[in-house]
Amino acid sequence: SKDSDASRTVAENVCDKALALVQFERMLQERMVTPHYQPIVRMHTSEPIGFEVLARSRLFGLETPYVMFEAAAKLNQEVALSQMLRWEGVQKGINKNVKGYLYVNTHPKELESEGLVESMTQLRMLAPNQPLVLEIHEAAVTSPAKVSELAKRIRDLDIRIAYDDFGAGQGRIAELGAAPPDIIKFDMSLVRDID
């Protein structure tokens, strides 16, 4: 019957999510992620100028960043996950001799604490000569003064700042003047089919 099929589907989804939460702790502790490096290229030459660090996992229920952070949110571990993904991405990028800037992401919760600067300081010590860019999602820029202070401290580490997905939300143009980034990565919806 349709009702038994629906209840079985709900039960399977609950079990899948529970398994993902159990797997999450293992993924975090054993650093079971694989970084991928998406090229960022110059339009007119197609020359790579850097790489955005993305992560995947082979653990069931945690294959993509979306589901990783969904599980992390349930466990209040978004900051720990974000820090681990950056570390693994930069460390493995050095081992693979990835050239150019490495663009690393941050989670909005990291902007609420001092831990982001400390995390980036450790990352800089790991990779003293690696050009780095810290991406901050546009929606996380709620306090230009706070972001401006953060940017100053991050730049003191010789790390650049990028606003990611700019224009996706409220198009916060005012923040550009109050807390200017080094780089703006426009939301895909603004540049799709631009040619």
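Since the structure is predicted, the reported quantities are computational estimates derived from the model, not experimental observations.
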* Is Tyr103 close to Ile183 at the side-chain level, that is, under 4.5 Å between some pair of heavy atoms? -> yes
* Among all residues two or more places apart in sequence or in another chain, which pass the salt bridge (charged side-chain N to carboxylate O under 4.0 Å, His left out) test with Arg58? -> none
* Pair Gln130-Leu123, side chain to side chain contact (heavy atoms under 4.5 Å, CB included): steps then yes or no -> CA-CA 10 Å; Gln130 176 67 54; Leu123 205 57; over 6 Å; no
* Which value, rounded to the nearest 0.5 Å, describes the distance between Thr121 atom OG1 and Leu126 atom CG? -> 12.5 Å
* Asked: How many angstroms lie between atom NZ of Lys96 and atom NZ of Lys92, to the nearest 0.5 angstrom?
  -> 8.5 Å
* Asked: For Phe24 and Ala71, which heavy atoms make the closest approach, and how far apart are they?
  -> CD1-CB, 4.0 Å
* **Validation row: Val79, Glu112 side chains within 4.5 angstrom (heavy atoms)** => no
Atom pairs and distances, side-chain donor-acceptor, residues 59-67, under 3.5 Å, sequence neighbours left out:
from: Glu63; atom 1: OE1; to: Gly61; atom 2: N; distance (Å): 3.3
from: Glu63; atom 1: OE2; to: Gly61; atom 2: N; distance (Å): 3.1
from: Thr64; atom 1: OG1; to: Val67; atom 2: N; distance (Å): 3.4

* side chain to side chain donor-acceptor pair (under 3.5 Å) partners for Asn95, two or more places apart -> none
* To do: Please answer: with hydrophobic residues joined when any side-chain heavy atoms are less than 4.5 Å apart, are Ile184 and Leu134 in the same cluster?
  => yes
* Between Ile94 and Trp87, is there a shared hydrophobic cluster once you connect ILVMFWY residues whose side-chain heavy atoms come closer than 4.5 Å? -> yes
* Got Glu88 and Val53 here, is their nearest side-chain heavy-atom distance under 4.5 Å? -> no
* **Residue pair Val90 / Ala127: nearest heavy atoms and the distance that separates them** => CG1-CB, 3.7 Å
* Nearest heavy-atom neighbours spanning Val98 and Phe51 -> CG1-CD1, 3.4 Å
* **Rounded distance [0.5 Å steps], CG in Asn105 versus CD1 in Ile136** => 10.5 Å
* To do: Taking the side chain as every heavy atom from C-beta outward, state whether Leu85 and Val33 have any atom pair closer than 4.5 Å.
  => yes
* Partner set under salt bridge (charged side-chain N to carboxylate O under 4.0 Å, His left out) for Arg56, not counting sequence neighbours -> none
* **Pairing residues for Glu135 by the salt bridge (charged side-chain N to carboxylate O under 4.0 Å, His left out) criterion, not counting sequence neighbours** => Lys185
* Asked: After noting the C-alpha distance and the side-chain angles of Val104 and Met120, does the key distance pass the side chain to side chain contact (heavy atoms under 4.5 Å, CB included) rule?
  -> CA-CA 10 Å; Val104 295; Met120 295 307 294; 4.3 Å; yes
* Structure fact -> Those residues at least two apart in sequence (or on a different chain) that pass side-chain contact (heavy atoms from CB on, under 4.5 Å) with Pro131 are Tyr101
Scan the side chains in residues 146-161 for donor-acceptor partners under 3.5 Å anywhere in the protein, sequence neighbours excluded, and list what turns up.
from: Lys146; atom 1: NZ; to: Leu111; atom 2: O; distance (Å): 3.2
from: Lys152; atom 1: NZ; to: Asp156; atom 2: OD2; distance (Å): 3.2
from: Arg153; atom 1: NH1; to: Glu114; atom 2: OE1; distance (Å): 2.8
from: Arg155; atom 1: NE; to: Asp182; atom 2: OD1; distance (Å): 3.3
from: Arg155; atom 1: NE; to: Asp182; atom 2: OD2; distance (Å): 3.1
from: Arg155; atom 1: NH2; to: Pro180; atom 2: O; distance (Å): 2.8

* Is there a path from Leu28 to Leu75 through hydrophobic residues (I, L, V, M, F, W, Y) whose side chains come within less than 4.5 Å of each other? -> yes
* Asked: For Glu30, what residues pass the side-chain contact (heavy atoms from CB on, under 4.5 Å) criterion, not counting sequence neighbours?
  -> Arg26, Met32
* **Qualifying side-chain hydrogen bond (donor to acceptor under 3.5 Å, both in side chains) pairs, either residue in residues 69-83, two or more places apart** => Asn76-Lys109, Glu78-Lys109, Ser82-Arg86, Ser82-Glu110
* Among all residues two or more places apart in sequence or in another chain, which pass the salt bridge (charged side-chain N to carboxylate O under 4.0 Å, His left out) test with Lys99? -> none
* Structure fact -> Across all chains, not counting sequence neighbours, the ring pair (Phe, Tyr, Trp, His ring centres under 6.0 Å) partners of Phe69 are His107
* Indicate yes or no for a side-chain donor-acceptor contact from Tyr37 to the backbone of Gly89 under 3.5 Å, with no hydrogens or angles considered. => yes
* Structure fact -> Sorted by chain and residue number, the side-chain contact (heavy atoms from CB on, under 4.5 Å) partners of Glu118 (sequence neighbours excluded) come out as Gln122
